[in-house]
Amino acid sequence: MILVLEKGLGQHGEQEVLLKLEKLGVSAQLGRLYTDTVIVIESDVSTRPTHIFSQIDGVAKVLRIGQSYPKVLEQKDSSVKLERVVIGGGAKPIIIAGPCSVEGLEQLLTLADGVKSSGAQVLRGGAFKPRTSPYEFCGLQEAGLAYLKEASKLTGLPVVSEVMSEKQIEAAHDYVDVFQIGARNMYNYELLKEVGRTKKPVLLKRALSATIDEFLYAAEYVMLGGNNQIILCERGIRTFETKTRNTLDLSAVPVLKSMTKLPVIIDPSHATGKRSLVRSMSRAAIACGADGLMLEVHNNPSKSISDAEQAISVEELALINSDLEALYSTLQSLDVKAKSQGKTKFPIEGQLVLSGTAIS
Ligand code: PEP
Ligand code: MN
């Protein structure tokens with residue numbers, strides 16, 4: 001962190017600032033930057049609030065360098081393990097599949113069986129549905145959770161389902177293996193802190209208008225409570241384009257992977273909103289290094305109660321799964337070849353973006 005001092009503060013004023021910093025327990029050095037007098041904070045203050053520095057008399061500006069989300073960036077091994085299923089950390093990409101909404105027990109059990117035999121390792125299904133209109137189907141609620149648990153028991157597939165409030169976290173706790181935070185709630189900081197206090201993995205979806213910085217700040221909120229098991233999910237962002245439901249930002253995969261070790265998956269269903277586009281974007285997602293896919297699959301896609309236009313069949317899921325197998329082995333041979341030639345393996349790991357944010 002760098003503190004830019006007010007102009008004309010003088011030696012006495014500068015010493016006052018240094019004294020206050022000493023009282024805060026941070027070590028600091030005075031320096032000159034062209035026409036500015038600055039104080040370079042040498043201690044790690046990444047988790048201390050900016051205002052404690054900006055409120056010191058004589059400080060004109062606080063510059064935070066890098067580490068805006070230290071817990072996210074410092075994660076070492078961050079693959080998420082759901083019993084035998086490993087997501088991220090270089091493991092083979094996984095598929096999370098299931099209906100947009102749980103519609104009934106029969107429907108879910110048949111579908112769970114279908115997605116399992118078509119190659120999915122994790123079952124998804126919404127019990128609490130965030131709907132743009134309150135007059136649309138809002139999910140089967142607690143009954144939906146019970147059906148998910150039943151499907152999980154019968155198939156052995158771990159289950160992911162969305163929660164939107166503290167009450168729903170409690171309700172879902174014993175029924176799901178992963179809490180999903182949907183795109184609409186990525187900015188709900190209280191909810192993020194609440195799932196962060198649980199011991200279950202969190203599938204965090206990028207908000208419709210979130211920058212990658214904001215996405216990672218949201219992950220940092222989850223980590224505040226001690227929960228490091230986060231799966232980041234890019235599900236399309238809102239742009240001026242109308243031919244697709246959203247615009248799939250595939251570049252988010254290598255960018256996120258260059259910044260953090262957290263697993264990154266792609267949801268081509270919500271990104272495109274069209275079943276005819278799901279397979280090509282799934283291929284692209286695997287090709288650019290995603291750790292998995294989240295796909296909306298239905299027994300009778302066009303009759304899906306929610307998001308019918310983007311639902312695919314189990315047969316289509318099986319095709320995507322065989323694409324994944326083929327692409328994964330191609331990518332692996334490319335990596336082996338690159339390694340033998342001493343070239344860089346993709347995606348490039350390490351810090352890509354070192355940005356300073358000015359807070360005045
Ligand atoms: C979902 O996955 O069920 C969902 C509602 O997605 P999103 O939050 O990305 O819109
Ligand atoms: Mn949906």
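Indexing begins at 1, ligand by ligand and atom by atom, following the structure's order. Note that these values count all heavy atoms, side chains included, but never hydrogens, waters or copies made by symmetry.
Residue contacts with ligand 1: Q180 is included, with a non-hydrogen atom under 4.0 Å away.
A salt bridge (Lys or Arg N to Asp or Glu O under 4.0 Å) with D249 is found for one member of R235, R206, R238 and no other, namely R206.
The N, O or S atom of H270 with the smallest distance to the Mn ion (ligand 2) is NE2. Nearest N/O/S atom of D307 with respect to the Mn ion (ligand 2) is recorded as OD2. Sorting the N, O or S atoms of E296 by how far they are from the Mn ion (ligand 2) puts OE2 first.
The protein heavy-atom contact nearest to atom 8 (O) of ligand 1 is A183 N, 2.7 Å. Of the protein's heavy atoms, H270 NE2, 3.5 Å lies nearest to atom 4 (C) of ligand 1. When hydrogens are left out, the protein atom nearest atom 5 (C) of ligand 1 is E162 OE1, 3.7 Å; that is the closest non-hydrogen contact. With respect to atom 9 (O) of ligand 1, the closest heavy atom belonging to the protein is R235 NE, 2.6 Å. Ranking the protein heavy atoms by distance from atom 3 (O) of ligand 1 puts R124 NH2, 2.8 Å first. Annotation: atom 6 (O) of ligand 1 to nearest protein heavy atom, K205 NZ, 2.9 Å.
Side-chain N/O atoms of S79 and K81 include a donor and acceptor closer than 3.5 Å. Side chain to side chain, S101 and S306 meet the donor-acceptor criterion of an N or O pair below 3.5 Å. Side-chain polar atoms of S161 and R124 form no donor-acceptor pair below 3.5 angstrom.
For Y187, the OH atom sits in a packed shell: over 12 heavy atoms of surrounding residues, nucleotides or ligands are nearer than 6.0 Å. With a 6.0 Å radius and a threshold of 12 heavy atoms from other residues, nucleotides or ligands, K7 has its NZ atom above the threshold.
Of all the atoms in ligand 1, the ones that sit under 4.0 Å from a non-hydrogen atom of G182 are 8 (O).
R197 and E170 are not joined by a salt bridge, as no carboxylate oxygen comes within less than 4.0 angstrom of a charged side-chain nitrogen.
By the rule that hydrophobic residues join a cluster once side-chain heavy atoms approach within less than 4.5 Å of another member, Y69 and L203 end up as members of separate clusters.
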